[in-house]
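Following: one structure in structure tokens, then a few remarks.
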Amino acid sequence: MVDKNFLPTEQDIAFFNEYGYWISQKIIDDERLTLLKHHMDKVYNGEFETGRAPWKAWKDTPGLRQTDNCHWSDYTLRELAVDPLIGQIAAKLLNTKSTRLWHDQLLYKPGTSKERIKANVGWHQDYSYWQCVAEPTLVTAWVAFDDVSVANGCMQVVPGSHKQGLMKVNDFYEQDIDKQEKGLKESLGKLFKPVPIEMKAGQVSFHHALTIHGSGANTTDQPRRSMAIHLMSGESRYRAGTKNDNHMNVRLFQPKHGERFVGDGLPLLYKEQ
Ligand SMILES: O=C(O)CCC(=O)C(=O)O
């Protein structure tokens with residue numbers, strides 16, 4: 001049973017619809033956070049409880065480690081990636097009857113004392129990487145394992161940008177943020193007003209797949225650790241022939257055009273009774 005006090009209210013859902021993001025209360029307690037960080041270290045040390053390695057990181061930007069599908073490798077991380085409360089929150093925000101895991105991603109930005117290099121995440125919309133899903137009914141639940149602020153490179157979102165459709169400026173790996181911002185100001189005008197998602201460890205931010213977001217460098221001497229849980233409506237179908245046909249889930253499940261994404265590899269987090 002999930003704690004209904006943590007579910008978004010009608011007002012929260014209206015906020016998400018208007019601005020394309022929403023921040024939860026602290027829903028992961030400190031004991032669980034300690035355990036999660038320990039298991040994150042285990043995965044980074046190559047200790048896989050299940051015997052299966054995560055999907056190879058697509059690409060590491062300087063100073064940012066991205067590791068996809070740790071839920072294959074570690075039971076504690078898996079429990080978070082398929083957390084029923086997170087799944088139900090996502091369903092409420094997306095206004096869907098069910099939510100399924102699209103994939104998870106561990107994110108690690110080392111502190112500057114260890115690695116003095118920039119770790120910007122360029123402005124992007126997640127859906128620019130997921131157009132193989134026919135509709136953009138996807139949301140990312142970003143679980144903070146540490147407190148996050150501008151100083152350690154918290155995520156920033158552009159409120160309302162999810163209503164603009166897919167933009168031209170879209171590159172997670174871009175390090176020249178000034179160049180990107182010039183392009184975004186040209187296309188979005190006054191709408192380009194980024195908001196930092198500052199949170200305490202254990203809070204979770206949710207952003208729509210079309211919300212423009214990115215993050216700056218971690219300038220502190222401590223790591224910034226998190227898991228991004230990418231969730232989709234349980235009704236999501238495959239659209240063939242987009243530039244995202246190289247997505248790992250298309251390569252793994254080889255669906256036919258128009259088929260629903262289903263199966264054990266894409267676990268259901270929530271289904272309305
Ligand atoms: O962790 C970050 O700074 C960016 C993560 C991100 O782009 C996402 O979770 O969609």
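Numbering of ligands and ligand atoms starts at 1, following listing order.
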Pairs of nitrogen or oxygen atoms, one from ligand 1 and one from the protein, closer than 3.5 Å: please tabulate them with distances.
{"unit_1": "ligand 1", "atom_1": "1 (O)", "unit_2": "W142", "atom_2": "NE1", "d": "3.0"}
{"unit_1": "ligand 1", "atom_1": "1 (O)", "unit_2": "R224", "atom_2": "NH2", "d": "2.7"}
{"unit_1": "ligand 1", "atom_1": "3 (O)", "unit_2": "S215", "atom_2": "OG", "d": "2.6"}
{"unit_1": "ligand 1", "atom_1": "3 (O)", "unit_2": "R224", "atom_2": "NH1", "d": "3.0"}
{"unit_1": "ligand 1", "atom_1": "3 (O)", "unit_2": "R224", "atom_2": "NH2", "d": "3.4"}
{"unit_1": "ligand 1", "atom_1": "7 (O)", "unit_2": "H124", "atom_2": "NE2", "d": "3.0"}
{"unit_1": "ligand 1", "atom_1": "7 (O)", "unit_2": "H213", "atom_2": "NE2", "d": "3.0"}
{"unit_1": "ligand 1", "atom_1": "10 (O)", "unit_2": "D126", "atom_2": "OD1", "d": "3.1"}
{"unit_1": "ligand 1", "atom_1": "10 (O)", "unit_2": "D126", "atom_2": "OD2", "d": "3.2"}
{"unit_1": "ligand 1", "atom_1": "10 (O)", "unit_2": "H207", "atom_2": "NE2", "d": "3.3"}
{"unit_1": "ligand 1", "atom_1": "10 (O)", "unit_2": "H213", "atom_2": "NE2", "d": "2.9"}

### Task
Classify the ring geometry between F192 and W123 as parallel (under 30°), tilted (30 to 60°) or perpendicular (over 60°).
perpendicular
#### Entry: Aromatic ring proximity, centroids under 6.0 angstrom, F261 and W102
yes
### Query
Take atom NZ in K163; do more than 12 heavy atoms of anything else shown fall under 6.0 Å from it?
yes
### Query
Within 45° of the axis and under 6.0 Å from the centre of the six-membered ring of Y108, does NZ or CZ of R65 qualify?
yes
In residues 83-97, what donor-acceptor pairs under 3.5 Å come from side-chain atoms, sequence neighbours left out?
{"unit_1": "D83", "atom_1": "OD1", "unit_2": "L85", "atom_2": "N", "d": "2.9"}
{"unit_1": "D83", "atom_1": "OD1", "unit_2": "I86", "atom_2": "N", "d": "3.1"}
{"unit_1": "D83", "atom_1": "OD2", "unit_2": "R32", "atom_2": "NH1", "d": "3.2"}
{"unit_1": "D83", "atom_1": "OD2", "unit_2": "R32", "atom_2": "NH2", "d": "3.1"}
{"unit_1": "T96", "atom_1": "OG1", "unit_2": "S98", "atom_2": "O", "d": "3.1"}

### Separation of T242 OG1 from H247 NE2 (nearest 0.5 Å)
10.0 Å
